[in-house]
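As a basis for the values below, the full set of heavy atoms in this structure was taken, side chains included, without hydrogen atoms, waters or symmetry mates. Each chain gets a letter, A, B and so on, in the order the sequences are listed, and its residues count up from 1.
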There are 2 protein chains.
Amino acid sequence: MTDTPAAAPAGGPRRGRARGSYAKTEARRQEILAAAFEVFSTSGYRAGSLKDVADKVGLTQAGLLHHFPSKEALLEAVLTLRDEESMIRLSTAEAKGLDLLRGLVELTCYNTTIPGLVSLYCVLSAESTDPEHPAHAYFQRRYDWVRGTIVEAFTEVGRQGHLRTGVAPMAAARQLIALMDGLQVQWLLDNASVDMPGEVVAFLEAITTEKFQPASGPA
Amino acid sequence: MTDTPAAAPAGGPRRGRARGSYAKTEARRQEILAAAFEVFSTSGYRAGSLKDVADKVGLTQAGLLHHFPSKEALLEAVLTLRDEESMIRLSTAEAKGLDLLRGLVELTCYNTTIPGLVSLYCVLSAESTDPEHPAHAYFQRRYDWVRGTIVEAFTEVGRQGHLRTGVAPMAAARQLIALMDGLQVQWLLDNASVDMPGEVVAFLEAITTEKFQPASGPA
DNA sequence: GTCTATATGGCGATAGAC
DNA sequence: GTCTATCGCCATATAGAC
């Protein structure tokens, strides 16, 4: 880790001596992360193997371990990467209250296009329920953060009088998260027959006094 | 399978020559099923090993395979057994409509006392999302059956005018199942801070006009 | 940076003794 | 009914050549 560049030259070659080897290594890392993501998504962490990942990028298993010191380190890198991407999607948008909830509906729509990512989190979050699992702490932290964010949103919605009477922000947050998680399992088992965004919208409209139809309807 | 008795002499020895070996074998099978249940619960099917199971009952791995021909057969036996037990708990009670929904609240309370079983279904349902998983068809069938049962209940509740306006039985069923599934993950990650029955009750009271407090409140 | 080779160990399953 | 022994395979990780 000591002398690897923090990021690839994303905006284009840095002009001058581009030190091609660095860029190539970083590109390789990205390839590996993408492959690992796919493998962990469909098989989970424990059942997914380094060889599966290596094969996908045309490396041997030993060659792969040159880029990541261990399987566990690879998992951590995958989780960190997807987290950064999703934080950019959701939280950096600085959405609050109703806007954040609408953002969640959009996120659900988006999830519909990436079964791999949905699968990754379904399988890993269930697997990591075991305190011995390498991602256990990660998921505890993640759920805390997500719940906190959504509790804030519901609290704000309540302050503006858009929450139906008797609905507690904390309970609403837990239920919304559970609903989204649970829908994913049903959806992964049978994509065609489950309208995830539709169900989330229905739930939100049941506990608030607002409308949540996504911009482009289910047409 | 050809000459194994269908069931153990549950009510007591059958009087006369009890053919002790049969009873002993059947008892062994039950022990094995209980152990397999524990192992699959915490590690999932793919990561849980026959040796783990064998160790728990003081057998070698080979000895275990005398009772079940393969790992897959063992999984199937575990699932079938738990299914029979849960059908007895829920459906044999002939509950309909509101009673069935109240039964689900009770079931959630009960689940709170058996993290092992909850873990089994969380991990396996996520794992089995992969079409190649040996339990894939099982879970598709299971969700179909559960959903059908709950849709019926909500339909009946609607007929009696206890469903809030705008709530569709099908959507309500999907959401309720998703909620229950999703809550389990949060609960398994941090038992203490999640009141599963409370959240289920809150949801049911949000979409119906009935009260659902379980008999013995959360006092 | 990637390879081959290897160490080390777990897996599910089978054969056959007792 | 349970064991030991073994097969064949796959796993993660390391050593060292190129």
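- Rounded to whole Å, the distance from CG on A/Leu65 to P on C/dT2 is 13 Å.
- Side-chain proximity of B/Asp52 to the nucleotides C/dA13, C/dC11, C/dG1 is greatest for C/dC11.
- With contacts defined as side-chain heavy-atom distances shorter than 4.5 Å, the pair B/Leu176/B/Leu101 qualifies.
- Considering only side-chain atoms of A/Ser70, the nucleotide from D/dA13, C/dT2, D/dT2 that sits closest is D/dA13.
- The cationic group of A/Arg142 lies under 6.0 Å from the six-membered ring centre of A/Tyr121 and within 45° of the ring axis, placing it in a cation-pi geometry.
- Remark: B/Arg46 is not in phosphate contact with C/dC11, judged by side-chain N or O atoms under 4.0 Å from OP1 or OP2.
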Using the rule given for salt bridge (Lys or Arg N to Asp or Glu O under 4.0 Å), can you reason through B/Arg147 versus A/Asp190, listing the C-alpha separation, both sets of side-chain angles and the distance that settles it, and then say yes or no?
CA-CA 13 Å; B/Arg147 191 188 344 104; A/Asp190 182 11; 5.5 Å; no
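- Looking at A/Asp181, A/Leu117, A/Val185 one by one, the single match for side chain to side chain contact (heavy atoms under 4.5 Å, CB included) with A/Cys122 turns out to be A/Val185.
- Scanning all heavy atoms of the two residues, the minimum distance from A/Thr42 to B/Arg46 falls at O-NH2, 3.7 Å.
- Summarising the geometry, the separation between CD on B/Glu31 and P on D/dG1 is reported as 14 Å, rounded to the nearest angstrom.
- For A/Phe68 and D/dT12, the CZ to P distance is 15 Å, given to the nearest whole Å.
- Between A/Lys71 atom NZ and D/dA11 atom P there is a gap of 9 Å when expressed in whole angstrom units.
- Nucleotide D/dA13 holds its P atom 6 Å from the CG atom of A/Leu50, rounded to whole Å.
- The phosphate of C/dG10 (OP1 or OP2) has no side-chain N or O of B/Ser49 nearer than 4.0 angstrom.
- Phosphate proximity of D/dC3 to B/His66: absent, as no side-chain N or O sits under 4.0 Å from OP1 or OP2.
- Regarding A/Tyr45, its OH atom lies at a distance of 12 Å from the C1' atom of D/dA11, rounded to whole Å.
- Distances were taken from every side-chain heavy atom of A/Ala62 (C-beta onward) to each of D/dG1, C/dA5, C/dC11; the shortest belongs to C/dA5.
- With hydrogens and angles ignored, a donor-acceptor pair closer than 3.5 Å exists between the side chain of A/Gln61 and the base of D/dA13.
- Distance CG (B/Leu64) to P (D/dG1): 14 Å, rounded to an integer number of Å.
- Within the structure, every side-chain polar atom (N or O) of A/Thr60 is placed at least 4.0 Å from both OP1 and OP2 of C/dT2.
- The distance between atom NE2 of A/His67 and atom C1' of D/dA13, rounded to the nearest whole Å, is 16 Å.
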